[in-house]
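Model, not experiment: these values are computed from the prediction. Atoms within a ligand are numbered from 1 in the order they appear, just like the ligands themselves.
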Amino acid sequence: MSSLTPIRFAEYDPQALPEMTGRVAVMVTPDGSMDQAARTANRLSKGAIARLIESDGFRKAKAGDVISLGWPAGMQAEALDVLVLPRKLTPVEARQAGAKLAKGAAGKRLTVMAGSMNKAADLTLGIALRDYGFDDHKTPAEDKSEGEVVIAAKVPSDLEAACGPLLAVAEGVHMTRDLVNEPANVLTTTEFARRIEEMKGIGLEVEVLEEADLEKLGMRTLLSVGQGSDSPSKVAVMQWKGGAGDAAPLALVGKGVVFDTGGISLKPAGGMEEMTMDMGGAGVVAGTMKALALRKAKANVVGLVGLVENMPSGNATRPGDVVKSMKGDTVEIINTDAEGRLVLCDVLWYAQERFKPAGVIDLATLTGAIIIGLGHENAGVFSNDDDLCNAFLKAAHSEDEGAWRMPLGKAYDDQLKSRIADMKNVGGRPAGSITAAQFLQRFIKDGMPWIHLDIAGVASVKTDTDYAPKGATGWGVMALNRLVADRFEAE
Ligand code: BES
Ligand code: MN
Ligand code: ZN
């Protein structure tokens with residue numbers, strides 16, 4: 001597991017600057033005015049910051065940039081990180097600045113002279129989000145020195161209290177990233193369920209339904225995906241009861257295909273290793289439930305994930321097979337690689353039957369087509385409810401997570417007609433992400449507010465993002481947490 005560098009809140013004492021080791025961050029505004037710690041560091045370093053402010057580089061710097069001065073004179077520190085921050089800044093700007101500091105510190109010692117800076121909590125969240133690396137499977141280097149992040153504030157206890165719920169969310173994001181980054185020989189369905197069960201320790205109620213239970217419930221479409229694998233199919237249910245006892249919960253449903261070979265409709269070899277992230281939807285659901293439990297959200301939320309592995313074998317599902325869903329509708333499986341919708345449709349139905357939720361949001365790395373449409377910048381958002389959908393889009397925007405609404409419509413649904421069953425599992429090449437969403441909508445009850453998030457493009461990326469190194473991003477945990485706070489939490 002990746003480990004967060006410990007964050008400590010300390011008294012703001014610029015007099016202690018000469019003795020500080022590691023990296024030390026101080027602030028100047030874009031028009032070149034220094035705060036108290038920056039003035040002290042400037043004096044100690046015989047005017048290094050003043051000379052920086054006069055330089056061309058500083059004139060070109062944008063708000064939120066970090067300019068590092070190595071081995072400053074008069075100080076023990078190995079670097080002085082000069083943060084260019086306007087006095088009035090948005091939470092997202094503060095977060096991005098924090099993320100830049102954490103990227104530079106790379107897990108080593110960092111002291112941020114925050115003072116009474118406005119948005120210091122968001123800056124701290126940015127540090128926590130970017131302070132991530134997935135190196136469980138690398139042989140550790142010899143000199144593994146333990147780092148620490150120190151946030152020096154005028155009233156450390158106030159800042160620490162304000163950061164509590166934000167750092168809980170960062171832990172949820174890190175859990176999602178760990179799950180998504182983990183290779184499939186480690187993160188089997190059984191191991192995934194075990195990691196979810198571990199969250200009983202933070203107050204979640206967890207149940208794991210095994211194959212015999214799923215068989216009894218009639219979840220044949222889900223089981224048809226996992227039947228070629230030696231890893232048993234499972235559905236894990238996580239309940240967080242932080243709201244009023246009788247309030248209908250929000251249901252979060254995730255696709256947890258721990259590896260997607262395509263099954264008998266086998267994928268080509270090139271890039272197949274990426275399908276270790278095909279449990280990304282389930283990863284976001286688990287990470288969000290962790291965040292809600294850690295910050296003790298005053299809301300009722302239930303998370304359900306379908307955990308399966310899509311493998312070819314002698315008893316794998318064949319193209320052309322017809323299976324019956326828990327709802328009772330039959331599906332002709334034209335392509336065994338369109339498996340995510342087969343997992344989700346049973347879990348969606350079960351979630352609605354059992355919990356009578358106030359709304360349902362599903363997340364899935366569902367289609368390659370959404371990457372063609374939106375790239376890696378935005379998840380595809382599909383919804384039957386403008387009100388819930390707009391609330392989600394607003395939450396995603398305020399958390400700096402890209403989300404773009406896509407259409408639904410009857411003509412797309414017609415692409416799913418089957419000659420021999422109630423529907424087929426693919427709708428052809430045109431509008432592949434929309435026909436996948438239409439398939440899911442057939443399993444949403446009339447009047448049930450629903451959002452489907454196709455996160456195939458955003459769950460894991462090949463380049464660094466503002467908040468994460470390359471690999472899993474944890475996209476969605478912050479947006480969902482915000483949506484719960486905005487719309488489902490009792491005051
Ligand atoms: N897991 C894939 C979708 C995917 C592709 C996720 C790339 C992340 C990156 C999904 O199960 C799949 O195989 N979808 C097919 C659907 C097709 C057979 C209708 C696809 O997108 O090609
Ligand atoms: Mn597939
Ligand atoms: Zn898949």
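- One distance of note links CE of Met275 with CZ of Phe259; it measures 8.0 Å at 0.5 Å rounding.
- The single protein non-hydrogen atom nearest to atom 18 (C) of ligand 1 is Asn335 ND2, 3.4 Å, given as residue, atom name and distance.
- For atom 12 (C) of ligand 1, the closest non-hydrogen atom of the protein is Asp337 O, 3.2 Å.
- Checking Ser313 against Asn315 by side-chain atom types alone, a donor-acceptor pair falls below 3.5 Å.
- Distances from ligand 1 to the non-hydrogen atoms of Ile371 include at least one value under 4.0 Å.
- The shortest N or O to N or O distance between Gly340 and ligand 1 is not under 3.5 Å.
- The salt bridge (Lys or Arg N to Asp or Glu O under 4.0 Å) contacts involving residues 219-233 comprise Glu215-Arg220, where partners must be two or more places apart or lie in separate chains.
- The Glu339 neighbourhood of ligand 1 comprises atoms 11 (O), with distances under 4.0 Å to a heavy atom of that residue.
- Taking only nitrogen or oxygen atoms, main chain and side chain alike, Thr367 does not reach within less than 3.5 Å of ligand 1.
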Query raised in the report: Where do His137 and Glu182 land on the side-chain hydrogen bond (donor to acceptor under 3.5 Å, both in side chains) test, with the steps shown first?
Result: CA-CA 9 Å; His137 303 294; Glu182 197 70 272; 2.6 Å; yes
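- Residue Lys267 has at least one heavy-atom neighbour below 4.0 Å for each of these atoms of ligand 1: 12 (C), 13 (O).
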**Report entry** Test log, rule side-chain hydrogen bond (donor to acceptor under 3.5 Å, both in side chains), inputs Arg405 and Asn390
**Finding:** CA-CA 9 Å; Arg405 190 167 183 181; Asn390 289 334; 4.5 Å; no
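- Taking the six-membered ring for Trp and thresholds of 30 and 60 degrees, Phe443 and Phe439 have ring planes inclined between 30 and 60 degrees apart.
- Relative to the six-membered ring of Tyr132, Arg177 meets both conditions, a distance below 6.0 Å and an angle of at most 45° to the axis.
- Checked against a 3.5 angstrom limit, the closest N/O atoms of Asp260 and ligand 1 fall inside it.
- Residue Met275 places a heavy atom less than 4.0 Å from ligand 1.
- Counting only protein N, O or S atoms closer than 2.8 Å to the Mn ion (ligand 2) gives 4.
- Under the 3.5 Å distance criterion, the side-chain polar atoms of Lys119 are left unmatched by any main-chain donor or acceptor of Val92.
- The closest approach between a heavy atom of Leu366 and any atom of ligand 1 is below 4.0 Å.
- Residue contact annotation: Lys255 has a non-hydrogen atom under 4.0 Å from ligand 1.
- Of the polar atoms of Asp278, at least one N or O is found under 3.5 Å from an N or O of ligand 1, judged by distance alone.
- Within the 4.0 angstrom cut-off, atom 1 (N) of ligand 1 has one or more protein heavy-atom neighbours.
- Taking the salt bridge (Lys or Arg N to Asp or Glu O under 4.0 Å) definition, one finds that Asp278 meets it with Lys255, sequence neighbours left out.
- Note on the Zn ion (ligand 3): protein N/O/S atoms under 2.8 Å are Lys255 NZ, Asp260 OD2, Asp278 OD2, Glu339 OE2.
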Report task. I would like to know whether Asn310 and Thr261 meet side-chain hydrogen bond (donor to acceptor under 3.5 Å, both in side chains); could you show each step before the answer? Result -> CA-CA 6 Å; Asn310 188 18; Thr261 63; 5.0 Å; no
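- Ligand-side atoms of ligand 1 in range of Val426: 19 (C), range being under 4.0 angstrom from any heavy atom.
- Under a 3.5 Å cut-off, the side chain of Thr221 and the backbone N or O of Ser325 do not form any donor-acceptor pair.
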Report task. Begin with the C-alpha distance, continue with both residues' side-chain angles, and end with the deciding distance and a verdict on side-chain hydrogen bond (donor to acceptor under 3.5 Å, both in side chains) for Asp466 and Gln96. Result -> CA-CA 7 Å; Asp466 285 350; Gln96 289 180 342; 3.0 Å; yes
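- Among all protein heavy atoms, the one lying closest to atom 20 (C) of ligand 1 is Gly368 N, 3.9 Å.
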